[in-house]
*Asks:* 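Following this message is one structure expressed as structure tokens.
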Amino acid sequence: MPEAAYVLAFDTANEVIAMGLGRLDARERAVEPVATLEVEARRASNTQLLPRVDALLRDAGISREQLACVCVGRGPGSFTGVRIAMATAKGIAQALGVALVGVSSLDAVAWHAWAAGARGAVAVVADAMRREVYPVRYTLDDAGVQRLEADRVVKAQVAAEDLAGEGGAAGADGTAAGTLSLTGDGLKKYAELFAPTGALLPEELWAPTGTGLLLALQAAWRAGQADPFDAARHNPGFLLPVYTRLSDAEENERIRLAKNDPKNLATGVQDVAPRRDQRATMHDTAVLNARADEHGITYKPLDAAHAEAVAAMEAQVMGSDAWNAALVADELPRPDRTWWAAYAPAQAGEGEGADGALSSSAIARPAQAGASGVSDGVSPDGDGAAPTPSLAAAGDGLQLVGYAGGMIVDGQVQILKIGTDPAWRRRGIARTLISRVASDARDLGATTCSLEVRASNAGAQAFYESLGMHSIGKRPRYYSDREDAVIMEGPLQGVIGGSTVSAAASDRALRAVREGGDAAATCANVPCSEGSHSEVSAASAADSEPAPHQVDVAGMHLRVDEAHNAQVAAEPAAKLVRPLVLAIESSCDETAAAIVDGEGNLLSDVVASQIDFHSRFGGVVPEIASRKHIEAICGVCDECLDVAAQRLGMPRLTWADLDGVGVTYAPGLVGALVVGVAFAKGAAWAADKPLVGVNHLEGHLYANKIGAPDFAPPAVVSLVSGGNTMLVHMRDWGDYRVLGATIDDAVGEAFDKVAKALGLGYPGGPVVSAQGAKGNPKAIAFPRAMMHSGDMRFSLSGLKTAVVTYINNERAAGRPLNMPDICASFEAAVVDVQVKKAEMALRQTGAPTFCLGGGVAANPVLRAAYEKLCAKLHVRLVMPPLSACGDNAGMIALVALDRFRQGKFYGLETDAQAHADLEQEY
């Protein structure tokens, strides 16, 4: 530990950038303020934060190496603002190898009020937009600040009514004894609304401050909740923002699914008379859109249409403790509940129980739900057979094989039920369901988890202990048969996304502890979640055992390029060739990192895909994408460094060993790009390395070098992805001219929408292609829009509409859909136009080479058509390997390497951009 160790604290949860620099006193567990600063951000946090931090340290005469800890405000607050601070802090802490401690932004406001002399009852009311606020009550006395409730989000009017009884009207000086004092930036909008509830503190106390952040950290340190010197305990990958709510897409999904409106999920139409407030939409294929796991099991929020199936399973295993369908359905619309279900194709699980051994559903209920529970945990038929056909409810051809639900109360999720079908054990259902419930609970403000489990169920208790829970007591005679219930409680950490990390990342975490907390190498991201509990049989506990040596980050499986892995195994260690550049890609729904050496060799290329989280919505949800990037980015970069170290034959590779940091800055989803840009800037600043910004579209052009290192312009490139469709003339590296682009939908977008209309799932490209391979491409004459327009523009909207209209007309006529023919005919219409325009581009430019880029470049029909075209025109065809067609960081690293050599570096004020012109130099 250095003689003088410091903590850097900052917060951007609202329109103010708050910063604090403090000296850490380990003996007294004290944080002595050295410098603080508050600056109006005005929606420019990402451009101002790091330059201000750099100046703060410079003016104080403190170097980066003297920082032992980074402290960041976790929110709640502006979603974008919180992520900017969080991603920046993660980058700084990971690159420096120091602890990252999160504190509540609202607590920081309360502590600043305390430092200013406020005492008594205080409520912080922060702005949550949408006419909502984050209200939290505190008691302030000479000893400090005591929080009285968990974070929540409510309408401003509701919050004002709740606080009205906390104190009387303010006196003449505005600070009458016993009066509730109010602070928080929500008062900027709602001062008049809240004025009758108490005295408003001065406006300079309404936002987080550096002083408040440092005091909040000191309080957590003294309470044993944090240790700024413990880098292993406070791994940057563990920390997540405070959300208090699900994403809009998830909230709307819960509302829709809670309505008792059975549908045929394959067609999206009602099997019964529709309610007046309902209409069939493509979203009704949610179950089929959701991706099945390796066991064929699909997970999605429980819907009212399957309440009968839940009740039927309950009756099989719960006896007198079972809930009926009405009780289940009543739970679903409640905003403080979260319910998940597991489905399998009907009848697929019959006879698949392991050796016919008995297993049972797991049921647990807190006291608030009323005393009930399981009988003896054994299926009444005694043979482990698959459930009765009644469990395949709602006319969707799916069989319910598991369910779980929880109630969120005062920052804790209480597990109400966990049930798994006896015939579907040993598939990880219980673990996955409880992970989904815990993940929702975390986003709704929970930090701990509790449940009751039968005293005799040792297997279930062991399972929950493996999730970090422990017994805190018993409820005598809790169940209907008078058996005692063991109350278990614990944090959510280790539940969400599983607890598995790569072996290398685990080793670096242990090594960090042994070496005194050098967290530059700490482990892959297992996000900070908080607890779970319920009753599971011993067999169900075994069912939840994690797979060995699984590389899992934030619930996402990491994909490391297989060709690279084979190369590592077959060849001796690579020679270290400078420069080494690590690049980050986060423009959409892939969190990726790669390292390239001075010869253009990719030493590692790691991707964490979010497809599983978006699939049930039939497309990428920007809010979910941004949240998942925050969860995954540390773990992905850790794995990237580990894989590169292995390739180089080094025991470890740290940020200090790099020469530069690259990142996709545009184009893409702003909320997703912001995470990557802020993290990369933080890491580059902390490691004192130059930052290189990369245009994502240029990355797709460079992807062709991954499969063909000798590839060089001039060339024509067809860039086809979910967001882009264009033909580009590459006159030289960095010299591009767009010959034509889509005027509406992109090719990948059209594939997704057609797949969604057919109920084939997401992403649409692979499933449509698989169906089309079995069909007749000439069966249906879909339009070829703009095929003969005389230019190189594209239009996909009309084709997509024509296909959807055809599907609807066939269903209306009562005719079964010929999926293969529809897909093959649609695919042929897309390919015909793409090839026609490509031929025009090649003839016009005279380019000797034709290339592909983007996710749709993996389509086998398109690739075959281009092979035929290039053979006819005697043009070289270069196509990226399938693994490099979609978004990846390898292609970004190759661009970053060239720009690094050219000295094209970006400053700390760099920001993400939703749009970028490929023709424009940057």
*Asks:* Between Arg254 and Asp440, does any NZ, NE, NH1 or NH2 come within less than 4.0 Å of an OD or OE carboxylate oxygen?
*Replies:*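 Salt bridge flag = yes for Arg254 with Asp440.
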*Asks:* How about Val620 and His614: do any of their side-chain heavy atoms sit closer than 4.5 Å?
*Replies:*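 Touching, per the 4.5 Å side-chain cut-off.
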*Asks:* Looking at Glu749 and Lys800, is there a salt bridge between them, counting it only when a charged N and a carboxylate O are closer than 4.0 Å?
*Replies:*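 Judged by the 4.0 Å cut-off on N to carboxylate O distance, Lys800 and Glu749 do not form a salt bridge.
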*Asks:* Under the salt bridge (Lys or Arg N to Asp or Glu O under 4.0 Å) test against Asp443, which residue among Arg245, Lys628, Arg627 passes?
*Replies:*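 The residue from Arg245, Lys628, Arg627 that satisfies salt bridge (Lys or Arg N to Asp or Glu O under 4.0 Å) with Asp443 turns out to be Arg627.
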*Asks:* Do the charged groups of Lys753 and Asp745 touch, with an N to O distance under 4.0 Å?
*Replies:*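 Yes, this pair counts.
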*Asks:* Cation-pi between Arg291 and Tyr299: NZ/CZ under 6.0 Å from ring centre and within 45° of the ring axis?
*Replies:*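 No; the conditions do not both hold, so Arg291 does not lie above the ring face of Tyr299.
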*Asks:* Just checking Phe617 against Tyr762, ring centres under 6.0 Å apart?
*Replies:*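 Ring centroids of Phe617 and Tyr762 are no less than 6.0 Å from each other.
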*Asks:* Check this for me: does any side-chain nitrogen of one of Glu253 and Lys300 sit under 4.0 Å from a carboxylate oxygen of the other?
*Replies:*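 Here Glu253 does not pair with Lys300 in a salt bridge, since their nearest N and O are not under 4.0 Å apart.
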*Asks:* A quick test of your reading: do over 12 heavy atoms of other residues, nucleotides or ligands sit less than 6.0 Å from CZ of Arg334?
*Replies:*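 For Arg334, atom CZ is crowded (more than 12 foreign heavy atoms under 6.0 Å).
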*Asks:* Nearest 0.5 Å please: distance from the CG atom of Asn724 over to the OG atom of Ser718.
*Replies:*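 It comes to 11.0 Å.
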*Asks:* Considering only NZ, NE, NH1 and NH2 on the basic side and carboxylate oxygens on the acidic side, decide whether Asp821 and Lys774 come within less than 4.0 Å.
*Replies:*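 So Asp821 does not pair with Lys774 through a salt bridge.
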*Asks:* Report yes if the distance between the aromatic ring centroids of Tyr343 and His306 is under 6.0 Å, otherwise no.
*Replies:*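 Centroid separation for Tyr343 and His306: below 6.0 Å.
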*Asks:* Salt bridge between Asp612 and Arg616, side-chain N to carboxylate O under 4.0 Å?
*Replies:*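 Salt bridge flag = no for Arg616 with Asp612.
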*Asks:* Taking the basic N atoms (NZ, or NE/NH1/NH2) and the acidic carboxylate oxygens, is any pair closer than 4.0 Å for Glu623 and Arg83?
*Replies:*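 Salt bridge flag = yes for Arg83 with Glu623.
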